[in-house]
Amino acid sequence: MSFRLATARAKPDRPNEDFAAVGTNAAVLLDGAGTPPGTVSGCVHGVAWYASTLGGLLLGALGSANSPAGALADSIERVNQLHADTCDLKHSETPSSTVVALRWDHAHCEYLVLADSVLVFDRTGNASPDVVTDDREAVMGAELRGPMDALHTGTPEHSRAWSDYAATLADHRNQPGGFWVASTDPSAADEAIAGRVPLDQVNAVALLSDGASRLVDRFRLTTWRATLDSLAHAGPADLIDQVRTAEHGDPDGRRWPRAKNHDDATVIYGHPRA
Ligand SMILES: [Zn+2]
């Protein structure tokens, strides 16, 4: 196997809340859910700790679990045990995370996608890539984000609207009929999109946090086909540079309304081979 990984934090004075890692037969990418600065979360460790701890445990568990969903459920429970004594795990703003998990053997590539990180397969013989993402939060958010998107990013009014939006959205998190993320409930793993692809049909694969996938799925400046070609030639760091260039060209979110001017951006790209 052969992989390249790049990540860039949103701001120099804030921790990177994405986590990504590649093992010999598995890869994981997580995007910790950032609540607005100043929000009380009930967890003394924070979002970056949650995403990296869950991601590390998951990468290990993928090697032996019956399924990627089983590995995720087990890892969520193990993280709970690590901070149940110090933190309020029932707090509505307890840290959470998206998850993309991939593992492969000599015959198949198995995957799991939970929440809005993106998995893209470049399949042999397919002109169009297979894009796997879980858009339940986006669908729910689209119904709620109008007041925030009407304001300019970075203004006090926008910040207040963002807090209101985040609080309303939180009421639908990990609820039937709402959207699902990795947090404290192991059963969220059963809500993930999961599947299997014959390994000999996989030319390449890309895992992206939404801070990186926004070049395609939010800014619509390019296609997934062109993005995979760019990743093959120029690599993940160049893709993140393209995202930052686009964001700098729209500093107050007039062209592309968004909660955060920059977001943590992470890309894994490569070729799974047993
Ligand atoms: Zn904690």
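Read the numbers this way: they start at 1 and go in the same order the structure lists the ligands and their atoms.
Residues Ser183 and Asn174 have side chains that never bring a donor and an acceptor to within less than 3.5 angstrom of each other. The closest side-chain donor-acceptor pair between Thr133 and Asp135, if any, does not fall under 3.5 angstrom. At a cut-off of 3.5 Å, with distance as the only test, no side-chain donor of Asp31 or Ser209 sits close to an acceptor on the other residue.
The Zn ion (ligand 1) has Cys43 SG, His45 ND1, His83 ND1, Cys87 SG as protein N, O or S atoms under 2.8 Å away.
The hydrophobic cluster containing Val118, built from Ile/Leu/Val/Met/Phe/Trp/Tyr side-chain heavy atoms closer than 4.5 Å, also comprises Val120, Val131, Leu208, Leu215, Val216, Phe219, Leu221, Trp224, Leu228, Leu231, Leu239, Ile240, Val243, Trp256, Val267, Tyr269. Hydrophobic clustering, defined by side-chain heavy atoms of Ile, Leu, Val, Met, Phe, Trp and Tyr closer than 4.5 Å, leaves Leu89 isolated from every other such residue.
With sequence neighbours excluded, the residues that form a ring pair (Phe, Tyr, Trp, His ring centres under 6.0 Å) with Phe3 are Trp104.
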